[in-house]
> 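Questions regarding the structure given below will be posed in turn.
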Amino acid sequence: MDGCLFCKIARKEIPSAIVYEDDTLVAFKDISPQAPVHLLIIPKAHCEGLGDLTPETAAAAARIPQVAALIAREQGTLSGGWRLLSNCGPDSGQTVYHLHFHLLGGKPLGGRLCQ
Ligand code: 5GP
Ligand code: ZN
């Protein structure tokens, strides 16, 4: 989608540190990491978030946990555990309206999921 930051990253029009890519998904390092490992996993096809899935993006999104586990196995620093989450809408704090999952780990993440 024109003007969408993560579409531009998926098309490599904006540089990012890509750690995984296949036909429908890309994973890259978050620009402002909140943990030693902080990656974003996105479908290449645009949708705003989990509330706006299309058949194409739903099929891609369904594979994200599997890809997260694959990345976690490859990143030794995630051997202690990791967290996968997606913000959806303003109350969640979503700031980029292209569906993405945060993959976080590399330290104890704490038990609080909200303040
Ligand atoms: P949200 O708040 O929407 O759940 O997450 C958006 C994430 O995108 C944030 O963690 C933010 O640091 C990250 N982000 C924003 N702009 C860029 C960028 O240009 N490149 C990368 N790699 N990450 C970005
Ligand atoms: Zn997009």
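Atoms within a ligand are numbered from 1 in the order they appear, just like the ligands themselves.
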> For ligand 1, which atoms have a heavy atom of Ser32 less than 4.0 angstrom away?
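It comes down to these atoms of ligand 1: 12 (O).
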> So, do Ile14 and Phe6 sit near enough that their side-chain heavy atoms are less than 4.5 Å apart?
no
> For residues 68-97, which residue pairs pass the side chain to side chain donor-acceptor pair (under 3.5 Å) check, not counting sequence neighbours?
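Those involving residues 68-97 do not exist here.
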> For the Zn ion (ligand 2), report each protein N, O or S atom nearer than 2.8 Å, sorted by chain and then by residue number.
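Near the Zn ion (ligand 2), below 2.8 Å, one finds Cys4 SG, Cys7 SG, His46 ND1, His98 ND1.
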> Find out whether Asp22 and Arg63 are in side-chain contact, i.e. whether some heavy atom of one side chain is under 4.5 Å from a heavy atom of the other.
yes
> May I ask whether Ile14 has any heavy atom positioned less than 4.0 angstrom from an atom of ligand 1?
no
> Considering non-hydrogen atoms only, spot the tightest contact between Leu25 and Ile64 and give its length.
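What the structure gives for the nearest pair is CD2-CG1, 3.8 Å.
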> Return a yes/no value for Gln34: is any of its N or O atoms, backbone included, closer than 3.5 angstrom to an N or O of ligand 1?
no
> Report yes if some heavy atom in the side chain of Pro43 is under 4.5 Å from a heavy atom in the side chain of Thr24; otherwise report no.
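When only atoms from C-beta onward are counted, Thr24 and Pro43 do not touch, as no gap falls below 4.5 Å.
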> Quick one: does any side-chain atom of His98 pair with a main-chain N or O of Val96 as donor and acceptor, under 3.5 Å?
no
> Could you tell me whether ligand 1 has any atom less than 4.0 Å away from a heavy atom of Phe6?
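For ligand 1, residue contact (heavy atoms, under 4.0 Å) with Phe6 is present.
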> Could an N or O of ligand 1 be found under 3.5 Å from any N or O of Leu5, whether backbone or side chain?
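Between Leu5 and ligand 1, no N or O pair is found under 3.5 Å apart.
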> Quick one: side chain to side chain donor-acceptor pair (under 3.5 Å) pairs with a partner in residues 31-43, sequence neighbours left out?
Asp30-His38, His38-His102
> Please indicate whether any nitrogen or oxygen in Thr95 is less than 3.5 Å from any nitrogen or oxygen in ligand 1.
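Yes, there is a polar N/O contact under 3.5 Å.
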> Between Tyr20 and Leu99, is there a shared hydrophobic cluster once you connect ILVMFWY residues whose side-chain heavy atoms come closer than 4.5 Å?
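The answer is yes; both residues are in one hydrophobic cluster.
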> What do you reckon, does Gln94 have a nitrogen or oxygen under 3.5 Å from a nitrogen or oxygen of ligand 1?
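No: no nitrogen or oxygen of Gln94 is under 3.5 Å from one in ligand 1.
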> Counting only heavy atoms, tell me which of Leu99, Asp30, Ile42 gets closest to atom 10 (O) of ligand 1.
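Looking at heavy atoms only, Asp30 sits closest to atom 10 (O) of ligand 1.
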> Roughly how far, to the nearest 0.5 Å, is the CG atom of Leu40 from the CD1 atom of Ile31?
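It comes to 10.0 Å.
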> For ligand 1, is there an N or O atom under 3.5 Å from any N or O atom of His100?
yes
> With sequence neighbours left out, what residues match Lys12 under salt bridge (charged side-chain N to carboxylate O under 4.0 Å, His left out)?
Glu21
> At a non-hydrogen distance cut-off of under 4.0 Å, which region of Ile31 contacts ligand 1 (side chain, backbone, both, or neither)?
both
> Once you round to the nearest 0.5 Å, how far does CG of Leu85 lie from CG of Leu113?
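Interatomic distance, Leu85 CG to Leu113 CG, rounded to 0.5 Å: 7.5 Å.
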> Of all the non-hydrogen atoms in the protein, which one sits nearest to atom 22 (N) of ligand 1, and at what distance?
Lys29 O, 2.9 Å
> Does Gly93 have a heavy atom less than 4.0 Å from any atom of ligand 1?
yes
> Could you tell me whether a side-chain N or O of Lys44 sits under 3.5 Å from a main-chain N or O of Cys7, the two making a donor and an acceptor?
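Such a contact is absent between Lys44 side chain and Cys7 backbone.
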> Run the numbers for me: atoms of ligand 1, each under 4.0 Å from some heavy atom of Ile9, listed by number.
20 (N)
